[in-house]
Amino acid sequence: MAGCGERRRELALVVFIVLPAFLLRHWHITSTCWVTDETPFYLGILHNNSSVFHFSDADTYDKLAQGFMKNGSLDLPFNPPLTTFFLIAVYTVFGKNFFAAKIVYALLGSVSLAFVYVTARLLFGRPAAAASAILCAASFTLIFITGGLNIENIYLFTLSLSVCLYVLLYTQTGVAGGRPHLFSFLFGLSSGLAVLSRSEFALILAAMFLFGLFKNGWSAKQKAVIAVTAMAGVLLVLTPWSARNYVYMKDFNARHPAADLPLFVPLSMNGPFNFVEGHNPMANGTYAPRFVGELEEGYRVNMNPNDERHLAYLRDGYAIGWEYIKNNPAREMELLPVKLNVFLDGFANGFMLKNFPAGLSGGSRSMADSFVPDSKAALYAGIVLFAVGFAVLVVRDGSPIRFLPAVVVGAVLLVTVAYYGLSRLAYPVLPYYYMIISVGAVFIAERFFIMKQTPKWFAPSIVALLVIAGFLQSLSLTVL
């Protein structure tokens with residue numbers, strides 16, 4: 001009975017974190033005066049008339065979704081498609097209603113915190129799990145991304161679900177322990193959706209298979225069966241989209257004989273295109289599209305299939321970019337600190353109300369990137385706690401799976417170095433950054449403040465503060 005009572009209390013804690021998280025996201029969507037139902041993205045001037053909130057990609061996903069609903073077809077598979085599929089589903093149910101879509105985004109972002117809590121609970125214990133979920137609930141960035149119908153919030157959901165299912169499977173917790181083969185298939189389905197959200201999840205998936213390969217307690221046969229069933233789930237999700245792309249690309253090449261684009265496109269074609277954007281004479285370490293000439297109205301990507309340069313970058317972008325890297329190693333090294341700085345900007349976000357403690361100096365170097373309140377104090381404190389938390393994981397005995405959150409963050413760092421800096425890449429992995437921060441914070445609290453366990457009133461008090469903050473923010477008509 002004690003175990004059941006403990007689980008009920010823990011479930012109540014999760015609910016009392018997820019619910020205020022949704023209220024904060026709902027209040028943010030409904031109380032920011034210049035965010036209307038007229039656009040699928042943020043577009044507004046903030047305070048000093050120089051910083052712009054803009055998710056330009058959201059407009060692209062919206063147009064793709066509306067185009068599909070009108071003519072039943074999609075265009076060139078340039079970006080991963082799940083965000084477009086999501087908008088198609090929402091528009092089918094609610095009509096072209098951006099506000100309804102943003103509310104669903106808020107629900108997805110809030111429910112993701114339950115997956116984050118379970119993951120951190122299994123890896124690091126209850127205090128770190130509660131701290132991670134509360135940080136996610138109050139993070140301005142994770143609240144902010146619900147207002148732009150872009151890829152970040154969809155990836156946050158599929159990523160957190162997939163990582164949670166994997167940790168349950170690895171630790172053989174609950175149903176995952178009793179039915180590992182079925183659970184591995186479900187994990188594969190979820191991972192397929194995560195790859196359809198953002199292609200860099202493939203890096204995380206590869207690391208997960210390596211963790212499983214060296215897991216103790218599973219026989220070689222069991223590992224093989226689990227790996228095969230997981231891949232079956234991934235392929236079941238990806239194969240219909242890959243088959244669709246084959247048919248489309250075959251028709252595209254027939255209509256544009258000089259294009260000679262690859263027929264096998266398992267996910268999207270933006271990889272080589274983005275690579276050459278990051279490695280060219282005009283590259284500046286951030287999003288720099290002027291080289292490929294697709295700027296429209298100063299910020300929006302306008303993919304032109306009749307442009308020979310665009311076709312060359314889609315077909316040979318990796319070769320072109322790699323040739324530039326080999327011939328200009330000094331310039332590439334000069335851009336590396338810029339990329340790393342933009343990467344860190346993704347973590348320099350404030351919390352709660354305006355200027356408490358966040359400043360508003362901005363965390364973006366490009367109008368194509370998103371703007372978030374930039375709190376250097378939060379960034380530096382977070383880096384210190386992250387370093388402490390990572391050191392604790394290194395020193396502490398246990399399964400290698402404890403490093404999975406660091407792998408999730410590291411995948412974004414690798415993509416940033418390989419391509420170019422974009423703060424938005426870091427936003428969906430913030431929960432895993434917070435997990436390691438929480439490990440460091442709990443270690444310090446236990447070591448120096450003799451706090452062996454979090455007081456029972458701590459989490460409810462923080463949740464109450466979140467609710468009060470959300471109410472105050474709803475009255476102010478300002479950004480959090």
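Checked against side-chain contact (heavy atoms from CB on, under 4.5 Å), S112 has the following partners two or more places apart in sequence or in another chain: L156, F157, S160. When the side chain to side chain donor-acceptor pair (under 3.5 Å) test is applied to T83, no partner is found at least two apart in sequence or on another chain. By the salt bridge (Lys or Arg N to Asp or Glu O under 4.0 Å) test, R402 is found to be paired with no residue, residues two or more places apart in sequence or in another chain being considered. Here F201 pairs with nothing under the ring-ring contact (aromatic ring centres under 6.0 Å, His included) rule; sequence neighbours left out.
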task: Evaluate the ring pair (Phe, Tyr, Trp, His ring centres under 6.0 Å) criterion for residues Y155 and Y427: first the C-alpha distance (whole Å), next the side-chain angles of each, then the deciding distance (0.1 Å), finally the verdict.
output: CA-CA 10 Å; Y155 184 51; Y427 297 167; over 10 Å; no

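When all heavy atoms of G346 and L430 are compared, the closest pair comes out as O-CD2, 3.9 Å. Taking all atoms of both residues into account, the shortest heavy-atom contact from P80 to Y61 is O-CE2, 4.1 Å. Contact record, L238 with G192: CD2-O, 3.9 Å, taken as the closest heavy-atom pair. The nearest pair of heavy atoms linking P77 to V265 is CG-CG1, 4.2 Å.
Rounded to the nearest 0.5 angstrom, L235 CG and S191 OG are separated by 11.5 Å.
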Would you mind writing out the side-chain donor-acceptor pairs for residues 384-398 within the sub-3.5 Å range, not counting sequence neighbours?
none

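Residue pairs meeting the salt bridge (Lys or Arg N to Asp or Glu O under 4.0 Å) criterion with at least one member in residues 128-148, sequence neighbours excluded, do not occur.
Taking the six-membered ring where the residue is Trp, F273 and F78 present perpendicular rings, their angle passing 60° and hence far from 30°. Classified by interplanar angle (parallel below 30°, tilted 30° to 60°, perpendicular above 60°), the ring pair F211/Y166 is tilted.
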